[in-house]
Amino acid sequence: MAETIFSRIIRREIPASIVYEDEHYLAFRDIAPQAPVHVLVIPKEPVRSLAEATDASAVGGLLLVAAAVARQEGIEESGYRVVLNTNGDGGQTVFHLHAHVLGGRPLHWPPG
Ligand code: 5GP
């Protein structure tokens, strides 16, 4: 798949505020936060989007890291939202699978 800015963050070629890392995943603060807590969780092995993901354990692991990040950020009890924008109408702009972890304020539903 085509390289994105997230691959450059993984390789530390551009800076990011990293909040979690393990062998398979990286989590860092969104550059344009939409909530007091707004962290992106990405797999280090790039997949274009959820629509192209085939590895169930990799997607499941992504969600578990999102939950761990929410706990670490102190928003587990107050609540949070995990979002995987997918393709055009889903609002995806970076085509490297990522989960947004949003919290720290009430989140409206449905999203706009
Ligand atoms: P999407 O719209 O694809 O679901 O989300 C992409 C997210 O990546 C956006 O929320 C955007 O603010 C964030 N983003 C784009 N470029 C960068 C960057 O260089 N650094 C960081 N930390 N976030 C970025």
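FYI, the numbering just counts along the sequence from 1. Ligands are counted one by one from 1 in listed order, and the atoms in each one are counted from 1 as well.
Ligand 1 has H98 within reach: a non-hydrogen atom of the residue lies less than 4.0 Å from it. Ligand 1 has at least one atom lying under 4.0 Å from a heavy atom of I9. For the pair F6 and ligand 1, a heavy-atom separation below 4.0 Å is found. Ligand 1 does not have A16 within reach: every non-hydrogen atom of the residue lies 4.0 Å or more from it.
Under 4.0 angstrom from ligand 1, there are no non-hydrogen atoms of F95. The part of R29 lying near ligand 1 is the backbone, judged by heavy-atom distances below 4.0 Å.
More than 12 non-hydrogen atoms from other residues, nucleotides or ligands lie less than 6.0 angstrom from CD of E3.
Within the 4.5 Å cutoff, no side-chain heavy atoms of L97 are placed close to those of R48. With contacts defined as side-chain heavy-atom distances shorter than 4.5 Å, the pair F28/Y20 does not qualify. The closest side-chain heavy-atom distance from F95 to N87 is below 4.5 Å.
Counting only non-hydrogen atoms, the option in T86, N85, I5, T4 that gets closest to atom 16 (N) of ligand 1 is I5. In this comparison of I42, L40, L97, the heavy atom closest to atom 8 (O) of ligand 1 sits on L40.
In terms of heavy-atom proximity, I75 sits nearest to G104 at CG2-N, 3.8 Å.
The protein atom (non-hydrogen) at minimum distance from atom 9 (C) of ligand 1 is D30 OD2, 3.3 Å. Among all protein heavy atoms, the one lying closest to atom 14 (N) of ligand 1 is I31 CG2, 3.8 Å. Considering only non-hydrogen protein atoms, atom 3 (O) of ligand 1 sits nearest to T93 N, 2.7 Å.
Although no hydrogens or angles enter the test, the distance criterion places a donor-acceptor pair under 3.5 Å between the side chain of R12 and the main chain of I10. Although no hydrogens or angles enter the test, the distance criterion places no donor-acceptor pair under 3.5 Å between the side chain of H98 and the main chain of S49. With hydrogens and angles ignored, the 3.5 Å screen pairs a side-chain donor or acceptor of T86 with a backbone N or O of L84.
Backbone and side-chain nitrogen or oxygen atoms of G91 are examined, and one is located within less than 3.5 angstrom of a nitrogen or oxygen of ligand 1. The shortest N or O to N or O distance between H38 and ligand 1 is not under 3.5 Å.
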> Could you go step by step and tell me if R71 and E77 meet the salt bridge (charged side-chain N to carboxylate O under 4.0 Å, His left out) rule?
Replying inline: CA-CA 8 Å; R71 195 172 307 127; E77 201 171 315; over 6 Å; no
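Taking every heavy atom of A32 and a limit of under 4.0 angstrom, the matching atoms of ligand 1 come to 12 (O). Atoms of ligand 1 lying under 4.0 Å from any heavy atom of V94, numbered from 1 in the order shown and given with element: 3 (O), 6 (C). Near Q92, meaning under 4.0 Å from one of its heavy atoms, ligand 1 places the atoms 3 (O).
A side chain to side chain donor-acceptor pair (under 3.5 Å) with K44 is found for one member of H24, E21, E23 and no other, namely E21.
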